[in-house]
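Note that the structure is a prediction, hence the values are computed from the model and not measured.
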Amino acid sequence: MITLLLRSLLLFVFGIGLFFLWRAAEPSERWLKWIVAAGFLARAVLGQALFWISWTRLPVLRSLQMGGGYWVFAQDATFYFPQAVAVAEKGLRAIVFYDRGSASVSYVQLLACMIALIGRPTSVGILLNLFCYLGTMALLVRWGRAQPRTRTPVAVAIAAISLSPSLVLWSLQPLKDSLFQLLFVAFVVACAAWQRAWLADGTWWTRAATGALIAVVLFLLAGIRWYFAGALVAATSLFLLIVAFTAAERKGISFGAAAMMIVVLTQSLVLSAGPYIPPALVALLTLRRPSSSFRQVPPEMFAAIEQARRGFDTTPASTMIRSRHLTMADTTSRPATMTIAEPAPPPPVIPPQPPPVPAPPRQFTEADATRIRALLDKQVAAWNRYDVVRAMDLYWRSPELEIVEGTTVMHGWERAAEEHGRACRTLSSLRITGLRLDGAGDMASLSGRWDATTAAGYALTRVFTMTLRRFPNGDWKIIREVFPSPPVTAAGAAPPRVESRQERLFAGAAALVFPRGIGKRLGLFDIGGGRGLLWFAEFDTLIFDLVLIFALRGVFAARAALAWRNPLTWLVLLTMLIVLAPLLYSVSNFGTLFRLREMIYLGLLLIPIGAAESRSTSPASDSREAAPVR
C-alpha cells in the first residue's frame, strides 16, 4: 500500500514536471503553440489508446496487436522493455553498471529508472517519450529566442517534428527514437553554444561547461546508436577546428581547447560504445598501436558495413527493397542466421575440506525427453506469435553465450535476443520436423529441421543441431545451436542474383525519397509486404520530401550564401553525409529504412537552423537581421 502511494505521488510529480516543461517549450507565436500542443496530445492520447487496446486485446486492428501493450510496428519494444524491467528489479547499481555490450544501453538505463520509480506498465515508455518530446521543443524554442535569425527555420523544425507521422508513431511505444531525437538536437544546440562562446569573449566557465555538456550528450548518444555517434565525432572534430580558426581567443589557446575536446569526445565514444566499435578503430581512438591501426581501420569499417548488409539481406522481411533489375526469381528471401555455439563451462567451485560425498549423477530419462519436447513446442508457439521474450526463455541467459555462423561470432544472450527478434518476426508457420533426441546425464543432443514460410511467401528449410544442458535448478537450456548448411528455399527456385553496390545505393536512395507507388511505377525499385501500413509510410515520405526541399532552399538561397562559412552548417551536413551512404548501402529492409531515416530527417531540419546561426558577436546585429515568422 505504501509503495502504491509513493508511486502515485511520483506520478503526480512527473505530471508537474511535464507542465513546467510545457511552459519552457511554449513558443511565443500562437499558431506554433497550437502545433506543439497538437503534437503532445497526439503522442499522449494515441499512446494511451493503443496501450489499452493491445493490453485488453480489444477487437481493433487485431492483426497488428502483439498483446501486453505492444504493436507489430514497434517490435523492438518487446526487447527493450523486458530488459529494462529485469535491470530495474536488480536495483540502482545494476542500472548504473548495465552491460555496455547490450543493445541501446542509454535508453534501457533511463527506462529502467522510470520503471523503478513508477512501476512496470508498458505505458511508462510513453511517459518517457512525452518528456523527450517537450524537451526537444524547449531546446528549439530557446535556440530561436537566443538567435533571432533562426526563428523561421526553428518554427519549421518545431512543426515538422511535432506533426511528423513517423516521429509520432515511434512515440507511441517504448522505443528509443524520442530519446535519440532529444539527444541529437541537444548535441547541436550545445555545439552552437560552444561556437558562440569562442566567437565572442566568453568566460572560461561557460566554455568548460559547454564542452562537458557536449561530451555527456555524445556518451548518451553512443549508447543508443554508436555509428551515429562515430559520425558526430568525425564531423565535430572538423567543427571544432573551424571554430578555433575563427575564434576571438588567441589561436594557440583556441586550437589547444579544440584538440582537448577532440580527445575527450573520442574517449567518450569508446567508453560508451567500445564493445560495438571495430577493434582497430578502438585502438586508434585510444592511441594504442597507431601505426598498425591506420592500416586496419578502413578494412574493418568496410567489413562492419558488409556484415550489416548481410544481416539485412539474410532477414526474410516482406518489405525488402529490390532493384528494378532483379526478376521475381531473384527476390527469394533468405533467412536470418541464428546459430549458437557451446560456451565455455563455468569455473569449478572448490569445495571446503573435507570434501562432501558427491551426489550420484542424474540420469537422462524419458521424462527428461518429454520435458525437452514440450519446451520446444512452447518455443515454436512463441516464435509463431512473434513473442521473442518467451522464445528466448529456452536459451542460456549468459554473457558467455556465443552465436556462430560461418566465420561470424557474436557473444551474449542480449545480442542473441536482438538478432533473433529481428529475424523471427519475418517468418511464419514455423515448425520442427525430423526430430532426433539423445541424452546422457545432464546433457542432451537434439537434431532436426526447421520448416517455415518467409514473409515473401517462400518455403524455407534449415537443418539444425542443438546441445541442451540441465542446470542445478533442473531447467534445460540450449547452450549450442548449429546450422551447418545454408538455407534451402522452395524446390526449383533460382539462385538469387546479388545486387551490385551501385544498384543497392541507387535503390536505397530512391526508396528514401520516392513514395513506393511512384518509385515502382518509374521502375526505380520494388517493395512488397508492409502489413497494410505502406500507405502510412508513403504519406511520411511526402513530408520527408517537403523537409528536404526546405533544407536545400535554406542552404542554397542567396541570402544564405555565407552559410558555408558557418561551422554549424558543416557539423550537421557532414554528419548526414557520413551516415547516409552506409545507411543506403546496408539497409535493404524498407521497414528499417523507414525508421532509421529519422536521423536524416532531423539533420535536414537542423541544417537551415545552423546555417542561420549568427556568426556576429553583436546582439544588435542579430536583431536587425532577424527574419520574422509569418
> Could you walk me through whether S28 and R145 pass the side chain to side chain donor-acceptor pair (under 3.5 Å) check?
Replying inline: CA-CA 9 Å; S28 56; R145 291 174 182 171; 5.4 Å; no
>> Whether the Q195 and N566 side chains hold a donor-acceptor pair (N or O, under 3.5 Å, no angle test) is what I'd like checked.
In response: yes
> What about the rings of F180 and F228, do their centers lie closer together than 6.0 Å?
Replying inline: yes
>> As an exercise, state the distance from CG of L139 to CD of Q181, rounded to the nearest 0.5 Å.
In response: 10.5 Å
> Donor-acceptor pair, R100 side chain versus V105 backbone, under 3.5 Å?
Replying inline: no
> Can you list the steps and then say if R43 with V168 is a side chain to side chain contact (heavy atoms under 4.5 Å, CB included)?
Replying inline: CA-CA 6 Å; R43 288 161 171 81; V168 171; 3.6 Å; yes
>> Nearest 0.5 Å, please: how far is CG in L61 from CG in L50?
In response: 8.0 Å
> Parallel, tilted or perpendicular for F594 and F536, by the 30°/60° rule?
Replying inline: perpendicular
>> For the CZ atom on R62, are there more than 12 heavy atoms of other groups (residues, nucleotides or ligands in this structure) within a distance under 6.0 Å?
In response: yes
> For the atom pair CE (M576) and CG (L573), what is the distance rounded to the nearest 0.5 Å?
Replying inline: 8.5 Å
>> Less than 4.5 Å apart, side chain to side chain, heavy atoms only: is that true for L167 and D177?
In response: no
>> Nearest 0.5 Å, please: how far is CZ in F544 from CD1 in I600?
In response: 6.5 Å
> So, the side chain of Q65 versus the backbone of P59: is there a donor-acceptor pair under 3.5 Å, distance only?
Replying inline: no
> Is there a donor-acceptor pair under 3.5 Å between the side chain of Q173 and the backbone N or O of G69?
Replying inline: yes
>> Centre-to-centre under 6.0 Å for F131 and F14, is that the case here?
In response: yes
> Any sub-3.5 Å donor-acceptor pair from E538's side-chain atoms to P515's backbone N or O?
Replying inline: no
> Does any N or O in the side chain of R151 come within less than 3.5 Å of the main-chain N or O of G144, such that one atom is a donor and the other an acceptor?
Replying inline: no
> For A74, does its backbone N or O pair with a side-chain atom of R595 as donor and acceptor, under 3.5 Å?
Replying inline: no
> Would you say the ring centroid of W55 lies under 6.0 angstrom from that of Y70?
Replying inline: no
> Are I214 and M261 close enough, and set up right, to give a side chain to side chain contact (heavy atoms under 4.5 Å, CB included), and what steps lead you there?
Replying inline: CA-CA 9 Å; I214 292 173; M261 276 298 300; 4.2 Å; yes
> Could you go step by step and tell me if L220 and I224 meet the side chain to side chain contact (heavy atoms under 4.5 Å, CB included) rule?
Replying inline: CA-CA 7 Å; L220 296 175; I224 295 179; 5.9 Å; no
> Under 3.5 Å, side chain of T150 to main-chain N/O of Q147, donor-acceptor pair present?
Replying inline: yes
>> Determine whether a donor-acceptor pair (N or O, by modelled atom type, separation under 3.5 Å) exists between the side chain of Y133 and the backbone of V36.
In response: yes
> Between F51 and W71, which heavy-atom pair has the shortest distance, and what is it?
Replying inline: N-NE1, 4.5 Å
> How about S104 and R225: does a side-chain donor come under 3.5 Å of a side-chain acceptor?
Replying inline: no
> How long is the gap from OG on S106 to CG on L183, to the nearest 0.5 Å?
Replying inline: 7.5 Å
> Is R120 reaching over with its side chain to a backbone N or O of A116, donor-acceptor style, under 3.5 angstrom?
Replying inline: no
> Taking NZ, NE, NH1 and NH2 as the nitrogens, is one of them in D76 or K176 under 4.0 Å from a carboxylate oxygen of the other?
Replying inline: no
> Taking atom OG of S178 and atom CG of L172, what is their separation to the nearest 0.5 Å?
Replying inline: 8.5 Å
>> Walk me through whether V154 and V141 qualify under side chain to side chain contact (heavy atoms under 4.5 Å, CB included).
In response: CA-CA 7 Å; V154 161; V141 168; 5.8 Å; no
> If you measure only the distance, is there a donor-acceptor pair under 3.5 Å linking the side chains of S166 and Y601?
Replying inline: no
>> Can a donor-acceptor pair be found, under 3.5 Å and without considering hydrogens, that links the side chain of S268 to the backbone of A215?
In response: yes
